[in-house]
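Residue numbers start from 1 in every chain, and the chains themselves are labelled A, B, ... in the order their sequence lines are given, proteins ahead of strands. As a basis for the values below, the full set of heavy atoms in this structure was taken, side chains included, without hydrogen atoms, waters or symmetry mates. Here the structure is a predicted model, which means the values were calculated and not measured.
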Amino acid sequence: MPTLADKKPNRPAQRAQGRPAAELIFGDLWEYDPAPETADPKIKSRYDLFIGGKFVPPASGKYFDTINPANETKLAEMALAGADDVAAAYRAAQKAQDGAWGKMPGKERAKYLYRIARLLQDRAREFAVAETMDNGKPIKETRDFDVPMAAAHFFYHAGWADKLAYIAPGRRVAPLGIVGQVIPWNFPLLMMAWKLAPALAMGNCAVIKPATNTPLSALKLAEIIQDAGLPPGVVNILSGPGSTGGLIMAHPQAAKIAFTGSTEVGKVIMRSVAGTGKRMTMELGGKAANIVFDDAPLDQAVEGIVNGIFFNQGQVCCAGSRLLVHEPVADAVVAKLRHRLKVLRVGDPLDKNTDVGAIVSRDQLETVRGYIDAGVQEGAKLWQPPCRLPAKGFFLPPTLFTGVTQSHRIAREEIFGPVLAIITFRTVEEAIEKANNTEYGLSAGVWTDKGSRILKMSTELKAGVVWANTFNKFDPASPFGGYKESGFGREGGRQGLLDYCKLV
Amino acid sequence: MLPGLMQAGFPKAFRRLADEIGPVDAVGIEERVAKYATRSIKKASKVAGLKLAVSMVDLTTLEGKDTPDKVASLCRKALNPHPGLGAPQVAAVCVYPSMVKHARRALGQDTAVRIASVATAFPSGQAPLRTRLAEVEAAVADGADEIDMVINRGAFLAGEFQRVQDEIVGVRDACGAATLKVILEVSELETYDNIRAASFLAMRVLRPGDFIKTSTGKTGLNATLGNNQVMLEAIRDFYLATGTPIAMKPAGGIRTAKQALQFLIAVKETLGDAWLNNARYRFGASGLLNDLLRQLEKEKTGAYQAPYYFSEAAESY
């Protein structure tokens, strides 16, 4: 395996002999002052469960704390749902399904979805701040991505609700009934929207559990659901640990279960529901390859690589965590990446100039650190930009590994953190083989100026989405989901809706 | 040369150059610069940024109706933009060649404010080369410290890259000790790929500290964050490959302090601290100066002042 150091880039022109090496200085000659977002997140000190349209205390009377990963302080107490609460939620959902909601025409259901979307837009800044405090992701992401995209999903699916007669030509569709849903901590509010909007548009009821680390925005969305006047029991929100999720998935009244999270947990869930006849969609892990060819627009590719792996601190299932770079431009790409990383701003997630925020929890921080250690031990070359991390909170600098091979753990396992493994290739076939040499298949990126190569790659890559000359682009109309152990079923678009109905 | 071969010249020459310098993706560039606009510059960093921008202004008047008196007024504004604000002097005044001697008389010999002059049949460049060179020599003889030339866009678009470079070399040599700024006139080059190619053609024959500049300000589209970014990245790649630092001047269309700060953010995050000074970065502007001063006054007093409190000495672009 040739290393990156062996090759000379063919562009730009080589420096004349004897000249000192030119370097750029990214110092603090003109430093940005702190610019914290000041909107009030309106966080209550305690949140109960949302069952049957009302906030109710948990049967056990137990609560757990949710903390701000950027400063390790407690934000609120969240109710801990147990078996009795899960049973109550399913009873409430069944009542709604048998009652007003089940009989409601699609165009009426749409009005509720539009209302939720608009209310979310009205309170966008408040939700963005609350989400940033609970999750640690930078405010610019919650403000410009998470919250607007969540609203967009409700808008999009509201538009479908009265057009379902045309979604499967020649067939009619009917709701499945009650769906049990468990969502992850990386995009708490957005994943909630991905799960709820299609389920409701189709006329299902939902019992949903937000992640243990990030339940806040889900219970805040419950306030909006209440304000929107959604019939009681249509959406039931239960906060709690993983075991609560297990109870939701195992409940006999669930006609379908939908899970987004790790492949490991996904497998446990699939085993537990085997033979029950429940429908399933699984959106699991990923180890996406971002493939850069020598004819690519390199600066824009670097931008896409940075967006691919450092967006949301790399805690994205479709993160471009492997960079496959064509040997002739490998040095140039790595050099450009380093310059770009030097100007990424790591720090207070509430600061509007922060590019990389906090890791969601201490556990996750330790997991990622473990992978960084493993990368070093297995002989890959580590590089991190000089940056001042806050004293408190779970922070990591953006991390690059060069000299990585296919057999390194950091090239095989999903790290779910700001760690990029850089691998080189020589031919198109080699790129395809390396990209597909993984148990995952959620996403991939291709960077080239050549259109025919984009088409070839998108056919050959075994990934649910292949981005060409861009990365991490989402739209409610575009189906998202995986190949292989990245899961099955689609979310978004017509395909996503079809996963929430039966054809009759 | 046969007409057919002339037409084939551009793609061939361009492909050869593009192969060396690499392509630009328009969507990606615009996505990148959109992020600069989301940066939040407040308090002390805003004041520092505004003062830095003032010190980088090439205060410009380029009109047929310019008179010696108007140029003198412009020079006084350049020397003392607004009393009592602690604002620095601007970098330079920028005038037509016939106005250089009047500017020199107004500024005197012993001044840090430099005199820039647009020579080479500005803005079209459509004059014989010897006429353009004579214009440059006359402006330098009258006391210009800097010459803003336009490239031969007709030759560039016809693929006659050697001719474009030869003309720049001619003007460079005619400048003597004067700093040269090469105007690419980006709106007539049309694509980001062309802007990158023209930047490299110019930089390869420039001296350290010479400038590349976006536009004349006389066409529909002038400096944008997008073409500024393409040129900054070209400067960075050229500097890292050769060690030769080239300076940058966006011109035209930058009218507000907010825009100017966004351009400075682009410089800070692309080229770094060494370009955050007026030897390496300039704004070709006139209306911009008063908006910078207005914002500085607001930062100082907490209130926006009426526009008539600020002297209007330039109203070109």
Practice prompt. Would you please say whether a donor-acceptor pair under 3.5 Å links the side chains of Glu233(B) and Gln229(B)?
Written response: yes

Next on the checklist: Please determine whether salt bridge (charged side-chain N to carboxylate O under 4.0 Å, His left out) holds for the pair Arg204(B) and Glu20(B), giving the CA-CA distance in whole Å, both sets of side-chain angles, and the decisive distance to 0.1 Å.
Outcome noted: CA-CA 13 Å; Arg204(B) 285 173 180 178; Glu20(B) 291 167 31; 3.1 Å; yes

Let me know if [X] has heavy atoms under 4.5 Å from chain B in its side chain, its backbone, both or neither.
| X | result |
| --- | --- |
| Asp33(A) | both |
| Asp28(A) | backbone |
| Lys342(A) | neither |

Note: Pro390(A) and Phe395(A) closest approach over all heavy atoms is CG-CE1, 3.6 Å

Pair count under 4.5 Å, heavy atoms only, with chain A: among Arg236(B), Arg32(B), Lys42(B), Lys46(B), highest is Arg32(B)

Do we get Lys268(B) above Tyr32(A)'s six-membered ring, with its NZ or CZ under 6.0 Å from the centre and within 45° of the axis? yes

Selection from [options] maximising heavy-atom pairs under 4.5 Å formed with chain B:
| options | result |
| --- | --- |
| Val343(A), Asn469(A), Thr470(A) | Val343(A) |
| Gly27(A), Ala35(A), Ala335(A) | Gly27(A) |
| Asp299(A), Asp351(A), Asp355(A), Asp449(A) | Asp299(A) |

Exercise. Indicate yes or no for a side-chain donor-acceptor contact from Asn312(A) to the backbone of Gly314(A) under 3.5 Å, with no hydrogens or angles considered.
Key: no

ring-ring contact (aromatic ring centres under 6.0 Å, His included) with Trp275(B): of Phe263(B), Phe211(B), Tyr239(B), only one passes, and it is Tyr239(B)

